[in-house]
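One structure is given here, and the rest of the page talks about it.
Everything numeric here is computed off the predicted structure, so don't read it as measured data. For reference, positions follow the sequence shown, starting with 1.
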Amino acid sequence: MPDAGPPRGGSGPEPTDRDAPAVARVFHHSVAAVPERLRRVRAGLGLATQAGLAAGLSWWVADDLLHIPQPLFAPISAVVTLAASVGQRLRRTIELVLAVAIGILVGDALLYLVGTGPWQLALIVVLAIMVAGFLGRSPAFVVQAAATAVLIGTLTPSVPDLELPRFYAALIGGAVALVVTTVLLPLNPLRVINRAGGPALDLLAEQLDATTTALRERDAGRAQAALDRLRDNKQEIGAFTEAAQAAREASSLSPVRWGRRDGPIDRYVHAVEPVDRAMRNSGTLIRRSVTLIEDGESIPEAMPPAVASLAEAVRVLRREFTRGAEPQRAREQLVRAVGEAGKAYRAGVGFSGAVVVAQVRTTVSDLLVATGLKQEEANRLVRRAFGPMRPTAGSGRPSRAGA
């Protein structure tokens, strides 16, 4: 007898035992993601509180204190300012007010000259975008000018005298947002930059550790994987750079942070560029390690410890930055890494080995600058710790031809 199929009006085939593993995987994945989701909620709690306070306070100032009619744009401007990348809020507020002024100017002028209607509105938007594009490159700046022009072109005929209240409301919203973030609920610059700078330093240390293991085990695949991961560092470096901007902005604008602009925050802010250089030079170090292993060059006994000491120095630097301490131990560890590299060089290296040693020196110099030393002083320390620039008599040669 043929299968009658599912009953009429049914919702489709019922789940079978074969679907159970997939359902279980989805369930376990969702459960495993809960801690990460909670971490994101905790990380965003400060911004959410700032935005809520800024929105309510800007409405109160515009409506109850200044009696601006329909002050809708005050809380909107406050939230837009807070939604800007941390570290760019002052710039975003200035852009917001200028964009509103441009939109009002273009929209009001064209309404006076050509009146209202669909084609007039299109012309207003085109000209507002062109003027905003001429004055600034920020997409948010251009969009805000165009949006203001649209509001002027569509609402002014039915809502009289919208222009100045719109401008005042935008100014109030941006100003209140800055007051909230700099006076009422200011950021802790050191905490912000620690949260963002830590992953960049962790990434560098982890890939140097992986390279150390690859050199000890002559595992070119492991070294290549470390190189690929280190190259994919845009997110970490971008977050580090943005956090440095935020720390600089917070320490400059917030009165409660004025006494803390020097010291740990200043060191962290000035470390961004040399850490970025250290990332790039470490990438060259790892790339030549891959070639060294693939070509069968000799690996002096001191070479893996040199890279391992470099990784440890990065971890020490991260811990001392987190505590806000003078990174003296990191400097000492960096000097040890250079000393090990000098031993490896004098033991005898091939072409790629010499490049690895050179990149240890260069990366150490970058990281010494990140600790707050001048470039000249860092170079002197590196040369002194490296030792003589000549191989030891009777030192080993590469086991096969180098690259």
E297 side chain to S352 backbone, donor-acceptor under 3.5 Å: yes
Shortest non-hydrogen contact from G283 toward L230: N-CD2, 3.6 Å
Within 6.0 Å of CD in E326, more than 12 heavy atoms from elsewhere: yes
Q120 side chain vs V114 backbone, donor-acceptor pair below 3.5 Å: yes
M303 and L292, any side-chain heavy atoms less than 4.5 Å apart: yes
Heavy-atom pair with the smallest gap, counting every atom of V307 and L208: CG1-O, 3.5 Å
Shortest non-hydrogen contact from I68 toward A169: CD1-N, 4.4 Å
Polar side-chain atom of N281 near backbone of R277 as donor-acceptor pair, under 3.5 Å: yes
Hey, can you pull the donor-acceptor pairs under 3.5 Å for the side chains in residues 378-385, sequence neighbours left out?
from : atom 1 : to   : atom 2 : distance (Å)
N379 : OD1    : S365 : OG     : 3.0
N379 : OD1    : Q375 : NE2    : 3.1
N379 : ND2    : Q375 : O      : 3.4

All side chain to side chain donor-acceptor pair (under 3.5 Å) counterparts of T371, not counting sequence neighbours: R331
From CA spacing to verdict: side-chain contact (heavy atoms from CB on, under 4.5 Å), F351, T291: CA-CA 10 Å; F351 179 79; T291 305; over 6 Å; no
Check: Y168 and L66 side chains under 4.5 Å, non-hydrogen atoms: no
side-chain contact (heavy atoms from CB on, under 4.5 Å) between I129 and V125, intermediate numbers included: CA-CA 6 Å; I129 291 176; V125 172; 3.8 Å; yes
Donor-acceptor contact below 3.5 Å, side chain N233 vs main chain E236: no
CD1-OG1 distance between I286 and T212, expressed to the nearest 0.5 angstrom: 9.0 Å
Flag side-chain contact, heavy atom, 4.5 Å: L367 against P274: no
Minimum side-chain heavy-atom gap V364-L368 below 4.5 Å: yes
Side chain to side chain, L127 and L123, heavy atoms closer than 4.5 Å: yes
More than 12 heavy atoms of other groups within 6.0 Å of E217 CD: yes
In a table with atom names and distances, give each donor-acceptor pair under 3.5 Å that connects a side chain of residues 197-207 to protein atoms at least two apart or in another chain.
from : atom 1 : to   : atom 2 : distance (Å)
D202 : OD1    : R318 : NE     : 3.0
D202 : OD2    : R318 : NE     : 3.4
D202 : OD2    : R318 : NH2    : 3.4

Closest contact, heavy atoms only, S289 versus V356: OG-CG2, 3.7 Å
Flag, side chain of Q50 to backbone of V180, donor-acceptor distance under 3.5 Å: no
Euclidean distance, R323 CZ relative to E320 CD, rounded to 0.5 Å: 5.5 Å
Approximate separation, where rounding is to 0.5 Å, of L215 CG and R222 CZ: 11.0 Å
Test item: R315 and D209 side chains (from C-beta on) under 4.5 Å apart, heavy atoms: yes
Shortest non-hydrogen contact between A55 and V79, atoms and distance: CB-CG2, 4.2 Å
R329 atom CZ: more than 12 heavy-atom contacts under 6.0 Å: no
Nearest heavy-atom neighbours spanning G348 and S298: O-OG, 3.7 Å
Distance, nearest 0.5 Å, that separates CG of L227 from CZ of R287: 7.0 Å
Check: S309 side chain, A337 main-chain N or O, donor-acceptor pair, under 3.5 Å: no
Value rounded to 0.5 Å, distance of CH2 in W119 from CD1 in I124: 9.5 Å
Heavy-atom side-chain proximity of T322 to R319 below 4.5 angstrom: no
Euclidean distance, L334 CG relative to E312 CD, rounded to 0.5 Å: 10.5 Å
Residue pair L285 / L310, side-chain heavy-atom distance below 4.5 Å: yes
